[in-house]
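Indexing begins at 1, ligand by ligand and atom by atom, following the structure's order.
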Amino acid sequence: MRSSKDLTPWLQDRLPEALDLLRRMVETNSWTQNPDGVRRVGDLTEEAFRGLGFKAERVPSSNPEWGPHLVLTRAGTGEGTLACVSHLDTVFPPEEEERNQFHWQPEGDRIYGPGTHDIKGGTLVLWLTLMALREFEPEAFGKVTWKLFWNSSEEMLSPDFETACAQRLGPDTRGVLVFEAEGKGPRGPRLVVARKGRGTWRLRVTGRSAHAGVRPTAGANAIVQLGRLMDRIHAINDESRQLTVNAGLIRGGTGLNRVPQSAEAEGEFRAFTQEAYQHGRDALLALSGPGDVQSPVDGFRCQVEMEILTETAPWPRNPGTDGLFAHWEAAGRDLGIEVGAESRGGLSDGNHLCAHFPTLDGLGPSGDNDHCSERSADGTKLPEYVDRGSFVPKAALNVVALTRWIRSMPS
Ligand SMILES: [Zn+2]
């Protein structure tokens, strides 16, 4: 067996190969709605992990316009299954990459490019991690069954990926690791141990139209009613509960000479705990009913209807996640780096999988500016990038933590 002090130099030697693979993935556009590109990134991924003994399965998306999910499996000699999760898609249409000349572009320690950080860089940290684990801890690597999942449509909140994973993960599954990017702590990386859940809502106001100059009092102005409700929605924001509510879209009316008879708004709300989430949900739904804008002619009132459109449950901090995090924290101590924990406002596949298995997220590299493709000459706008220097330390941390975790499993 090789000595663990050789781990970092060994990973450093593998880094050019990993970055070359990453470059090929980044140069392949895999916008969720480009299923051919998503499939090709799946091919590159399958090829990369084949050398580690993984067998591939493609799982069609329930939406026929999206590419297939990718599942790679390697059977272990002992008990216990570990699941790792990443995704194939990005948010960038090919035209946008073209327009903003947004492509693979190393600059100092940063590598700019679509998906470098979200999440193709995470896939390469996973690859480096498993390559090194096999090299340095072959017994631990070979003992467990590995199931690696790539969502084809994570950026569109794919409705079927959770099922695809859950159907392939039995009761011997010890945990799920998500390779989204890490957070940057003051003295080391931060892993993600909780995420906000998210609900989306639509508010519809129905009023009554009238001639704006001749008989406005016969109308009930739906836009005025909607405006009054906006303040009440904003007031549902609650810092003490870490509950956030956002009105993101608004529309209404049909012409300037009419009292508008309809108006609507859409938005979202998010919270870390089920209680805070439910509080926000109830407060939004309570807005339904008769409004306070009415026609003085006959008392006709605007009607307000609030609907919840989609929901993703919160991933609250929990003992399963904390148990996993403890292995990474201890691995950090072995390596002399401080590993922190972070609760994040954005969703990931962890939100879906944490209900089934202990889940830890943020195992990918560091970087910033996810979902941004623009660059301005004065540098006030910069696109997505990954920190090249984060791959090796993160893979080393993952290797040491995985070794600790696998050794702690009853055999
Ligand atoms: Zn994303």
Side-chain angles (χ1 to χ4, degrees), residues 22 25-35 37-38 41-42 45 61 63 65-67 69-70 84-94 96-97 100 102-104 110-126 149-162 165 176-184 189-192 194-198 200 244 246 248 268 270 310 312 314-315 342-354 359-375 381-387 390 394:
L22 177 58
M25 287 183 189
V26 169
E27 286 175 350
T28 307
N29 175 278
S30 63
W31 182 37
T32 317
Q33 296 182 66
N34 172 10
V38 167
V41 171
T45 306
S61 287
N63 182 334
E65 286 168 25
W66 296 339
H69 310 300
L70 172 65
C84 299
V85 173
S86 180
H87 59 88
L88 300 170
D89 61 330
T90 73
V91 296
F92 304 107
E96 182 182 336
E97 292 181 7
N100 294 330
F102 181 42
H103 45 72
W104 178 263
R110 290 183 180 180
I111 303 171
Y112 293 93
T116 45
H117 187 241
D118 180 16
I119 189 180
K120 294 170 181 178
T123 293
L124 269 300
V125 169
L126 172 58
F149 297 90
W150 278 266
N151 191 340
S152 68
S153 36
E154 193 263 356
E155 299 291 0
M156 303 290 277
L157 306 176
S158 135
D160 57 329
F161 183 69
E162 173 186 358
C165 295
V176 175
L177 304 173
V178 184
F179 281 74
E180 295 280 351
E182 68 186 30
K184 295 179 193 186
R190 281 195 179 132
L191 306 184
V192 181
R195 285 182 180 267
K196 281 181 178 172
R198 174 180 185 250
T200 59
T244 47
N246 186 49
E268 59 151 57
R270 300 188 190 225
T310 62
T312 302
W315 167 8
E342 162 178 314
S343 298
R344 205 172 276 182
L347 304 176
S348 84
D349 284 315
N351 286 75
H352 302 291
L353 295 164
C354 67
T359 300
L360 185 65
D361 196 346
L363 294 153
S366 77
D368 210 345
N369 300 348
D370 286 12
H371 298 202
C372 302
S373 70
E374 289 184 299
R375 180 192 283 263
K381 285 184 180 179
L382 286 173
E384 175 181 346
Y385 68 87
V386 71
D387 296 317
S390 67
K394 192 56 172 292

**Prompt:** Got a sec: is Asp370 within less than 2.8 Å of the Zn ion (ligand 1) via an N/O/S atom?
**Reply:** no
**Prompt:** From the Zn ion (ligand 1) out to just under 2.8 Å, does an N/O/S atom of Glu154 turn up?
**Reply:** no
**Complete:** ring-ring contact (aromatic ring centres under 6.0 Å, His included) filter on His117, not counting sequence neighbours, yields none
**Request:** Kindly confirm whether the Zn ion (ligand 1) is within less than 2.8 Å of some N/O/S atom in His371?
**Result:** yes
**Prompt:** With the Zn ion (ligand 1) as the point of reference, which N/O/S atom of Glu155 is the closest?
**Reply:** OE2
**Message:** Going by ring-ring contact (aromatic ring centres under 6.0 Å, His included), name the residues that satisfy it together with Phe149, two or more places apart in sequence or in a different chain.
**Reply:** none
**Complete:** The atom name of the N, O or S atom in Asp118 nearest to the Zn ion (ligand 1) is OD2
**Asked** Less than 4.0 Å between a side-chain N and a carboxylate O, is that true for Asp361 and Arg344?
**Response** no
**Asked** Should the heavy atoms of other residues, nucleotides or ligands under 6.0 Å from CD of Glu27 be counted, would the total exceed 12?
**Response** yes
**Pair Thr310-Thr200, side-chain donor/acceptor within less than 3.5 Å** = yes
